[in-house]
Number of protein chains: 2
Amino acid sequence: MAVTIKDVAKLANVAPSTVSRVIANSPRISEKTKVKVREAMEKLGYHPNFHARSLANKSTNTIGIVMPSSANKSFQNPFFPEVIRGISSKAYQENYGLYLSTGQTEEEIFQEVVHMVQGGRVDGIILLYSRVNDKIMPYLQQQKFPFVLIGRPYNEEIHSITYVNNDNYKAAKTVTEYLLLLGHRNIAFIGGELDFVVAVDHKKGYEQALKNAKIPIREEYIISHHELEQGGEDAIIQLMSSSVPPTALIGLDDIMTFGLLKMFSEMGIRVPDDISIVSFNNVLISELSSPPMTTVDINIFGLGFEAMKLLVEKIKEPTKEVKSVIIPHKLVKRQTCKALNRSEKKDE
Amino acid sequence: MAVTIKDVAKLANVAPSTVSRVIANSPRISEKTKVKVREAMEKLGYHPNFHARSLANKSTNTIGIVMPSSANKSFQNPFFPEVIRGISSKAYQENYGLYLSTGQTEEEIFQEVVHMVQGGRVDGIILLYSRVNDKIMPYLQQQKFPFVLIGRPYNEEIHSITYVNNDNYKAAKTVTEYLLLLGHRNIAFIGGELDFVVAVDHKKGYEQALKNAKIPIREEYIISHHELEQGGEDAIIQLMSSSVPPTALIGLDDIMTFGLLKMFSEMGIRVPDDISIVSFNNVLISELSSPPMTTVDINIFGLGFEAMKLLVEKIKEPTKEVKSVIIPHKLVKRQTCKALNRSEKKDE
DNA sequence: GTGAAAGCGCTAACAG
DNA sequence: CTGTTAGCGCTTTCAC
């Protein structure tokens with residue numbers, strides 16, 4: 001049996017409560033007893049029992065991380081490790097532990113969240129994604145359980161939600177405008193499933209930029225990630241065979257763009273000479289593609305770090321309204337974009 | 001205040017202990033009361049308190065995952081997400097939760113492990129790396145705490161350690177032999193820090209294959225990952241400028257190989273025409289490099305899955321000796337290797 | 001089959 | 001400043 005507070009108390013000749021106070025470093029204990037107790041703890045190799053503490057305290061110093069589905073392919077996307085790195089970094093500073101969801105289906109994950117919350121397993125939750133019509137957020141709200149969303153709540157009205165997000169609408173708009181500025185008029189867009197709020201925002205930004213430029217939106221230029229995964233190269237072949245093939249393309253994220261670059265290279269379509277590409281995220285390997293990709297750095301680490309910071313605030317002061325945060329993004333220009341009107345020039 | 005077992009007991013007109021038995025689905029409770037109690041639980045929305053259970057049970061149904069340093073760059077390596085996916089998948093099946101280490105330095109991580117163990121926070125631990133002279137493993141052994149290592153213990157004598165590993169020695173040997181078979185005689189090797197056991201094994205396999213083929217080992221052909229990170233391209237420039245430049249190269253892992261491919265492409269060195277490359281891991285994006293890389297698939301998911309499986313066995317039967325497992329690897333031939341003696345032929 | 005009661009290890013009034 | 005006591009919510013003997 002592990003050594004408990006009582007053993008320490010006995011050895012130090014004090015009451016268990018005194019030991020407890022020493023652990024909490026209560027100012028109402030004399031230096032002398034503190035030293036005595038600490039020596040006893042040292043000698044016995046005492047470590048407080050986590051569950052006993054949590055039970056008495058009603059606080060666990062643990063936060064739950066809810067992933068879209070840790071056990072599916074999406075976890076392969078470097079976004080998740082990186083955002084967890086950010087969370088982890090702040091969590092360590094604040095003395096919080098990290099508990100991971102493991103469910104695979106939406107329903108499994110929902111049940112896990114219920115268990116975390118009702119079972120008092122965690123003090124707060126960070127949601128790593130925001131999905132349209134998700135059950136988890138309303139549940140958390142109704143339970144008045146502290147949580148922070150990475151992304152943006154779908155329903156604008158829900159004002160009480162604290163979230164950390166990029167301005168994805170603006171990022172997509174800027175990126176489109178950038179291509180426009182380079183002289184491109186036929187810009188395709190490969191978006192994510194419109195289930196995810198980020199995909200909705202990207203698409204809106206893209207469309208708005210075109211609208212402002214008075215360029216009609218062509219349905220055949222808009223492809224969903226889903227189609228791509230399903231049909232392999234088919235969607236791209238079709239896209240590039242339109243009556244007016246696009247000269248530029250906006251990719252959902254860097255990973256998908258890697259795939260795109262490969263397809264184009266196999267088809268003999270040169271990037272950026274034949275088509276310019278820009279994508280989102282700027283994960284570590286983005287600069288290693290050939291050619292290195294132009295992409296929007298969304299500061300993934302920062303998203304995680306800030307989310308954890310806000311969550312701690314919420315936990316510490318449950319009454320206080322914690323305001324959401326927008327993490328700035330930044331276009332990182334590398335070599336997948338080229339001005340259209342000087343396509344002869346070798347170097348951009 | 002959350003609804004407790006007492007509330008349920010009151011509503012169902014039974015004793016708390018009976019409710020507890022219903023939760024555990026004890027056979028000594030009549031069907032009738034079970035139904036009655038379950039109805040009460042349903043009506044009140046009862047969920048057992050996790051910490052109270054853990055405290056009374058002395059078991060948490062949680063396992064700790066120890067990463068080299070979740071908050072540093074290494075987590076960007078897709079190996080970690082993927083191995084966690086494997087662990088996660090099995091953990092969900094077995095009803096275990098996942099707790100993540102967050103420390104950054106070796107010492108911080110060690111302290112976290114001590115807390116997890118002594119604080120009774122987890123029932124077992126999976127170590128995601130094996131490092132030479134690591135303090136954690138000896139500690140865990142001495143505490144007789146259930147753990148499984150992903151990788152191989154450095155010290156062969158330590159027989160009592162359960163681990164899940166690839167045969168990295170053989171993988172490296174095979175890979176070298178493969179290049180030899182293709183006619184290469186000048187094969188360079190970029191290894192990881194010899195701190196990590198896997199790097200040691202790779203190097204041994206490489207050297208043994210050369211020895212068997214009676215090819216002398218050249219010091220200038222062996223580069224450490226570390227040098228690469230430090231000097232950027234310098235190490236590669238130097239390598240390719242040797243009196244006899246290598247015609248083939250073995251890369252530490254896919255991510256590093258991405259970088260390598262980029263450097264070569266920038267230097268106008270063609271892969272595989274001028275140099276063949278083979279690496280390890282086969283992460284998801286490996287097939288997206290240009291050219292797609294030849295690499296050893298080590299079944300990362302399987303490593304995690306199996307580790308979790310073994311750990312559960314250990315936890316359930318602490319006395320039983322649980323034998324270690326070697327996960328088979330497989331060379332995945334793509335397009336970064338070419339036979340030397342027919343360098344004219346376009347297709348391999 | 002079910003209830004009463006002790007206890008898991010710690011904290012937090014309440015005394016003094 | 002420190003000790004006594006009750007209790008966090010659950011499990012588990014031991015009775016009946």
Side-chain angles (χ1 to χ4, degrees), chain A residues 1-41 44-62 95 115-123, chain B residues 1-41 44-62 95 115-123:
Chain A
M1 187 57 43
V3 24
T4 80
I5 215 171
K6 281 188 191 166
D7 304 320
V8 177
K10 208 165 287 172
L11 182 63
N13 260 313
V14 294
S17 51
T18 303
V19 178
S20 175
R21 290 190 187 101
V22 173
I23 295 172
N25 201 14
S26 158
R28 301 156 53 200
I29 299 286
S30 73
E31 253 337 290
K32 216 176 102 209
T33 23
K34 277 189 186 172
V35 171
K36 195 171 60 177
V37 170
R38 291 211 179 100
E39 270 170 5
M41 299 199 319
L44 296 175
Y46 169 78
H47 283 267
N49 179 292
F50 170 68
H51 299 290
R53 275 194 115 170
S54 301
L55 189 57
N57 270 339
K58 286 166 166 343
S59 113
T60 68
N61 268 262
T62 305
N95 254 291
H115 280 123
M116 288 189 210
V117 173
Q118 304 288 350
R121 191 163 192 160
V122 298
D123 295 342
Chain B
M1 186 57 43
V3 25
T4 79
I5 215 170
K6 280 186 191 167
D7 305 320
V8 177
K10 208 165 286 171
L11 183 63
N13 260 316
V14 294
S17 48
T18 303
V19 178
S20 175
R21 291 192 186 99
V22 174
I23 294 171
N25 201 13
S26 158
R28 302 158 53 200
I29 299 287
S30 72
E31 251 338 290
K32 214 175 105 211
T33 23
K34 277 190 186 173
V35 171
K36 195 172 58 177
V37 170
R38 291 207 180 101
E39 270 170 6
M41 300 200 315
L44 297 175
Y46 169 78
H47 285 266
N49 179 292
F50 170 69
H51 299 291
R53 271 195 118 167
S54 300
L55 188 58
N57 270 338
K58 284 160 168 351
S59 112
T60 68
N61 268 263
T62 305
N95 253 291
H115 281 123
M116 288 189 212
V117 172
Q118 304 288 352
R121 192 164 191 159
V122 299
D123 294 342

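To find a chain, count down the sequence lines: A is the first, B the second, and so on, and within it residues start at 1.
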* From CA spacing to verdict: side chain to side chain contact (heavy atoms under 4.5 Å, CB included), A/V19, A/K6 -> CA-CA 8 Å; A/V19 178; A/K6 281 188 191 166; over 6 Å; no
* Is there a side chain to side chain contact (heavy atoms under 4.5 Å, CB included) between A/I23 and A/Y46 once you walk through the steps? -> CA-CA 11 Å; A/I23 295 172; A/Y46 169 78; 3.6 Å; yes
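At the phosphate of D/dT2, OP1 or OP2 sits under 4.0 Å from a side-chain N or O atom of A/S30. Contact between the side-chain N/O atoms of A/R53 and the OP1/OP2 oxygens of C/dT11 is found at a separation under 4.0 Å. Contact between the side-chain N/O atoms of B/S54 and the OP1/OP2 oxygens of D/dC10 is not found at any separation under 4.0 Å. For C/dG9, the OP1/OP2 oxygens have no side-chain nitrogen or oxygen of A/N57 closer than 4.0 Å. For A/K58, a side-chain nitrogen or oxygen approaches OP1 or OP2 of D/dG9 to under 4.0 Å.
At a threshold of 4.0 angstrom between heavy atoms, the contacts of B/V14 are confined to the sugar-phosphate backbone, with no base atom among them. Using a 4.0 Å heavy-atom distance criterion, A/F50 is classed as making no nucleic acid contact.
Considering B/K58, B/H51, B/R121, B/R53 as possible partners of A/H51, the one that fulfils the side-chain hydrogen bond (donor to acceptor under 3.5 Å, both in side chains) test is B/H51.
Residue B/T4 has its side chain nearest to D/dC10 when only C/dG1, D/dC10, C/dG3 are considered. Distances were taken from every side-chain heavy atom of A/P48 (C-beta onward) to each of D/dC10, C/dC10, C/dA13; the shortest belongs to C/dC10. Nearest nucleotide to the side chain of A/A56, out of C/dG3, D/dT2, C/dC10: C/dC10. Out of C/dG3, C/dA13, C/dA15, the shortest distance to the side chain of A/R21 is found at C/dA13. Residue A/I5 has its side chain nearest to C/dC10 when only C/dG3, C/dC10, C/dA15 are considered. Taking every side-chain heavy atom of B/S20 into account, D/dT11 is the closest of C/dC10, C/dT2, D/dT11. When distances are taken from the side chain of B/A15 to each of C/dT11, C/dG9, C/dG3, the shortest belongs to C/dG3. Checking D/dC1, D/dC8, C/dG1 against the side-chain heavy atoms of B/K6 singles out D/dC8 as nearest.
Between the P atom of D/dT11 and the CG atom of B/N61 lies a distance of 12 Å, rounded to the nearest Å. To the nearest angstrom, P of C/dG9 lies 18 Å from CZ of B/R121. Note: CG (B/D7) to P (D/dC8) measures 11 Å, nearest angstrom. A/H47 places its NE2 atom 19 Å from the C1' atom of C/dC8, with the value rounded to the nearest Å. The CG atom of B/N49 sits 14 Å away from the C1' atom of C/dG9 (whole-angstrom rounding). Taking atom NZ of residue B/K10 and atom P of nucleotide C/dT2, one finds them 20 Å apart after rounding to whole Å. For the pair A/R28 CZ and C/dT11 P, the computed distance is 14 Å after rounding to whole Å. Between A/H51 atom NE2 and D/dT11 atom P there is a gap of 14 Å when expressed in whole angstrom units.
Looking at B/T33 and B/V22, their side chains never come closer than 4.5 Å, going by heavy atoms from C-beta outward.
Annotation for B/K10: atom NZ does not count as buried by contact number, only 12 or fewer foreign heavy atoms lying within 6.0 Å.
Across B/T60 and B/F50, no two heavy atoms sit closer than the pair O-CE1, 3.2 Å.
A donor-acceptor contact under 3.5 Å is formed by the side chain of A/S17 with the base of D/dT4.
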